[in-house]
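Below is one structure, written out as structure tokens, with a few remarks after it.
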Amino acid sequence: MELVLHRTYFKEGTNGALFINQQFLGFTIELPWKENLKRVSCIPEGVYELKPRYSDKFKHHLVLQNVPKRSLILIHPANDANKELQGCIAPVSSLTGIAKGLQSRIVFQKILSSCYQAFDRKEKVTLTIKN
């Protein structure tokens with residue numbers, strides 16, 4: 001299964017549109033591009049394998065594999081990238097501004113459900129990030 005994230009970059013943050021198998025799923029918010037610096041930048045464009053992950057803080061969520069010079073880049077709920085993210089990607093139902101959105105958990109649950117079904121089918125799940 002392939003997820004595709006089409007990004008738009010701004011000085012204050014990054015907004016995106018997320019698709020699963022070419023169907024629009026929701027928007028995304030991220031930090032601005034700052035040369036892939038840890039905790040202050042979104043990650044580079046590319047293709048990343050997604051894996052399931054669990055933590056006490058985020059419960060079930062997704063982690064991107066093999067991000068250059070970065071680790072623990074997650075897909076998890078958040079509504080304000082600059083206050084709640086450190087390089088991760090947050091899905092949102094609607095955008096309210098640059099790197100801000102609403103109802104993150106609704107879209108996040110749809111993504112999680114689709115990905116976990118693919119994992120159960122032993123499918124490889126990838127996220128392609130492009131401009």
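Atom set for the values below is all heavy atoms of this structure, side chains included, hydrogens, waters and symmetry mates excluded. Numbering of residues begins at 1 and proceeds along the displayed sequence.
Considering only residues two or more places apart in sequence or on other chains, E12 meets the salt bridge (charged side-chain N to carboxylate O under 4.0 Å, His left out) condition with none of them.
Side-chain rings of H61 and F108 stay apart, their centers remaining 6.0 Å or farther from each other.
Cluster annotation: I43 and V125 are assigned to the same hydrophobic cluster (Ile/Leu/Val/Met/Phe/Trp/Tyr, side-chain heavy-atom contacts under 4.5 Å, transitive). Hydrophobic clustering (side-chain heavy atoms under 4.5 Å, transitive across Ile, Leu, Val, Met, Phe, Trp, Tyr) groups V107 together with I73. Tracing side-chain contacts under 4.5 Å through hydrophobic residues (I, L, V, M, F, W, Y), one never reaches V40 starting from V67; they form parts of separate clusters. A single hydrophobic cluster is seen to contain both L112 and I75, as judged by linkage of ILVMFWY side chains at heavy-atom distances under 4.5 Å, directly or through other members. Under the 4.5 Å side-chain heavy-atom criterion for ILVMFWY residues, no single connected hydrophobic cluster contains both L72 and I111.
A 4.5 Å side-chain heavy-atom check between I129 and Y48 finds at least one atom pair inside the cut-off. The closest side-chain heavy-atom distance from L31 to N82 is below 4.5 Å. Side-chain atoms of V92 and N79, non-hydrogen and from C-beta on, do get closer than 4.5 Å to each other. By the 4.5 Å heavy-atom criterion applied to side chains, I29 and T14 are not counted as neighbours. Inter-residue side-chain proximity for H6 and F19 is flagged as met; some heavy-atom pair is nearer than 4.5 Å. Between S41 and W33, some side-chain heavy-atom pair lies under the 4.5 Å cut-off. Two residues are said to be in side-chain contact when any heavy atoms from C-beta on lie closer than 4.5 Å; L3 and L50 meet this criterion. Residues T128 and L5 fail the side-chain proximity criterion, which asks for heavy atoms closer than 4.5 Å.
Within 6.0 Å of CZ in R53 there are more than 12 heavy atoms belonging to other residues, nucleotides or ligands. Sparse packing is recorded around NZ of K51, with 12 or fewer heavy atoms of other residues, nucleotides or ligands lying under 6.0 Å away.
For the 3.5 Å distance criterion, the side chains of S94 and Q103 fail to qualify, holding no donor opposite an acceptor. S113 and Q117 are linked by a side-chain donor-acceptor pair at a separation below 3.5 angstrom, with hydrogens and angles left out of the test.
When all heavy atoms of T28 and A17 are compared, the pair lying nearest together is OG1-N, 4.3 Å. Nearest heavy-atom pair across H60 and Y54 is N-CD1, 3.6 Å. Among all heavy-atom pairs drawn from V63 and Q65, the shortest one is CG1-NE2, 3.5 Å.
Separating the CG atom in L74 from the OG atom in S55 is a distance of 7.0 Å, to the nearest 0.5 Å. Rounding to the nearest 0.5 Å places CD1 of I89 at 5.0 Å from CG of L64. To the nearest 0.5 Å, the span separating OG on S71 from CG on N66 amounts to 11.5 Å. A distance of 5.5 Å separates OG in S114 from CE in M1, rounded to the nearest 0.5 Å.
Put simply, the side chain of N36 gets close to the backbone of P68: a donor and an acceptor are under 3.5 Å apart. N131 places no side-chain N or O within donor-acceptor distance of the main-chain N or O of T8, the cut-off being under 3.5 Å. Between the side chain of E123 and the backbone N or O of F119 there is no donor-acceptor pair closer than 3.5 Å. Looking only at distances, a side-chain donor or acceptor of S104 sits under 3.5 Å from a matching main-chain atom of P91. Checking side-chain atoms of N15 against main-chain N and O of A99 turns up a donor-acceptor pair under 3.5 Å.
Residue pairs that meet the salt bridge (charged side-chain N to carboxylate O under 4.0 Å, His left out) test with at least one member in residues 15-43, sequence neighbours left out, are R7-E30.
L127 pairs with exactly one of L18, V47, L62, I20 by the side chain to side chain contact (heavy atoms under 4.5 Å, CB included) rule, that one being L18.
Between H76 and F58, the ring-plane angle classifies as parallel under the 30° and 60° cut-offs.
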